[in-house]
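Notes follow once the structure below has been shown.
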2 protein chains.
Amino acid sequence: MDKKSKILAAALKLFVEQGFHSTPTSAIAKAAGVANGTLFHYFKTKDELILGLYADIKKDSLSKILQGIEEQLSVKAKVKTIWFNSINWSNAEKERHNFKQQFMNSPYASQLVEEEIEEELKFFSTIINEGIEKKILKDIPIDLIYHISHYQMLAIVSYLNLNQHLIEDADFYELAFELYWDNIKRV
Amino acid sequence: MDKKSKILAAALKLFVEQGFHSTPTSAIAKAAGVANGTLFHYFKTKDELILGLYADIKKDSLSKILQGIEEQLSVKAKVKTIWFNSINWSNAEKERHNFKQQFMNSPYASQLVEEEIEEELKFFSTIINEGIEKKILKDIPIDLIYHISHYQMLAIVSYLNLNQHLIEDADFYELAFELYWDNIKRV
DNA sequence: ATACTGACTGACTAATCACTCTACAAGAGT
DNA sequence: ACTCTTGTAGAGTGATTAGTCAGTCAGTAT
């Protein structure tokens, strides 16, 4: 692993444990096993490191979430795939998930360009749109469906964190997905 | 307003704007119009101030959320009241809401005693339990319903923040509540 | 009057922080 | 052999921070 990756990995771990501002750059460098100056060689400022780490994580999450989406799948199958991918990613990448949440709920989030926020929504929208047109999904605003979907997944991830024994329980996922699907499907 | 309240108010504003750790205690004291030492007279450490502010906000939120709950109301009416109260509180107290979110997603959250977290759940549980027993609500774990409810409200609050024009739209609230109710009611 | 209390002050300090600077090493291109 | 670039190091710096401390002052009880 090159030093830049080591710095990012160490930063992720420490930020999640201690928060952005109570994690000194010196501690990150030390944990990464590099010199103080090396950190600033790769990231001009601490903020750039934080923003860079977020961008990194978002990219990773997005690519994992879109895996296995095929055009010919039914709307429900597509939605289910995204739903599973999202929750699996959050379960598998707890630190990254926590960082994302901490970041999104911090004043840093407002430093993001609007466009960046929309990237995930853009993809989801296509599928939701298809569902609405085919009268499979409720005819309500797309970004309302997106918000509800996003937060329902967060709810499941949070619930699973408190009930670790369910993480391997396939039945639970089926139940949770059907709960979600009932919420957005047309009746 | 006494100085302690002024300190809490100033801290709230600055924490939401700049985050916990990039808000110096000196800035809080200045914004509150008190001397530096006064802040430490009321709060032994900065952490105690942050934790104290959270406790304050939680108390306020809880009391507002429980308003108008009467024993003789139907389960649906009770749930609806809580749902409306919660969303109204978040809309009206944006800064407090943001602080709560920032706090809950930060490493500070883990400093909380388990009991404290459960306070809100305890009240909600009684109602959910009644609903399950009367076969009005789905027969799934109470804290799963709680998680789904909590996050669905967050979704609506977040959606309203991006669509301010709906904040006064009574129809929207009815729609959003029915969406939620469909999710948890027995079919 | 006297004594006492506790809110309040703001200059002060020791520690910590983000970031800079100089130096050096290894490789690549000429 | 020569520079030029890139990566790496870590001591150093000026600014900033949380928290302290010695003391002022208004109010209250005796």
Side-chain angles (χ1 to χ4, degrees), chain A residues 1-57 95 98-99 102-103 105-112, chain B residues 1-57 59 95 99 102-103 105-112:
Chain A
M1 194 156 62
D2 63 359
K3 307 224 166 183
K4 191 178 177 183
S5 307
K6 275 187 185 166
I7 292 167
L8 285 169
L12 171 63
K13 182 167 178 281
L14 292 173
F15 284 154
V16 169
E17 276 171 15
Q18 320 180 24
F20 304 131
H21 289 283
S22 29
T23 303
T25 51
S26 57
I28 297 171
K30 201 176 169 187
V34 304
N36 224 304
T38 307
L39 189 152
F40 286 95
H41 174 73
Y42 289 105
F43 304 96
K44 275 208 286 289
T45 62
K46 189 184 180 182
D47 273 17
E48 198 178 296
L49 167 61
I50 295 172
L51 263 359
L53 186 52
Y54 175 73
D56 224 50
I57 288 173
E95 261 178 6
N98 285 340
F99 179 91
Q102 193 177 322
F103 183 93
N105 289 286
S106 80
Y108 279 104
S110 57
Q111 287 181 32
L112 291 180
Chain B
M1 195 156 61
D2 63 359
K3 307 220 167 184
K4 190 178 177 183
S5 308
K6 276 187 184 165
I7 291 167
L8 284 169
L12 171 63
K13 183 167 176 283
L14 292 173
F15 283 153
V16 169
E17 277 171 12
Q18 317 180 25
F20 303 132
H21 289 284
S22 30
T23 303
T25 51
S26 57
I28 298 170
K30 200 176 171 187
V34 304
N36 223 303
T38 308
L39 189 153
F40 287 96
H41 175 71
Y42 287 107
F43 305 94
K44 275 207 285 290
T45 62
K46 189 183 179 183
D47 274 16
E48 196 178 296
L49 166 61
I50 295 173
L51 263 359
L53 185 51
Y54 175 74
D56 223 50
I57 288 173
K59 218 179 98 191
E95 260 179 4
F99 179 90
Q102 194 177 320
F103 182 93
N105 289 286
S106 79
Y108 280 104
S110 58
Q111 288 181 32
L112 291 179

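First the proteins, then the strands, lettered A, B, ... as listed; each starts at 1. FYI, side chains are in, hydrogens and waters are out, and symmetry mates aren't considered; it's all heavy atoms of this structure.
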- Decide yes or no on side chain to side chain contact (heavy atoms under 4.5 Å, CB included) for A:L49 and A:I28, but give the supporting numbers first. CA-CA 11 Å; A:L49 167 61; A:I28 297 171; 3.9 Å; yes

- Task: Report the C-alpha distance between B:Y108 and B:Y54 in whole Å, list the side-chain angles of each, state the deciding distance to 0.1 Å, and finish with yes or no for ring-ring contact (aromatic ring centres under 6.0 Å, His included).
- Result: CA-CA 10 Å; B:Y108 280 104; B:Y54 175 74; 10.0 Å; no

- Message: Any heavy-atom pair between the side chains of A:F43 and A:L53 that's under 4.5 Å?
- Response: no

- Message: Quick one, B:L12 and B:I57 - any side-chain contact, counting heavy atoms below 4.5 Å?
- Response: yes

- Outer limits of DNA chain D sitting under 4.0 Å from a non-hydrogen atom of chain A, read 5' to 3', are D:dG7 to D:dG10

- Query: Is A:L8 close to A:Y42 at the side-chain level, that is, under 4.5 Å between some pair of heavy atoms?
  - Reply: no

Grab the N/O contacts between the protein and nucleotides 19-27 of chain C below 3.5 Å, and write none if there aren't any.
{"unit_1": "C:dC19", "atom_1": "OP2", "unit_2": "A:K46", "atom_2": "N", "d": "2.7"}

- Separation of B:I7 atom CD1 from C:dA7 atom C1', in whole Å? 11 Å

- pair A:Q102-A:F20: side-chain heavy atoms closer than 4.5 Å: yes

- Nearest-Å distance for atom pair CZ/P, residues A:F20 and C:dA18: 14 Å

- Item | Which atom of B:V16 lies closest to which atom of A:P107, heavy atoms considered | O-CG, 3.6 Å

- Message: Between A:F103 and A:L51, is there a side-chain heavy-atom distance shorter than 4.5 Å?
- Response: yes

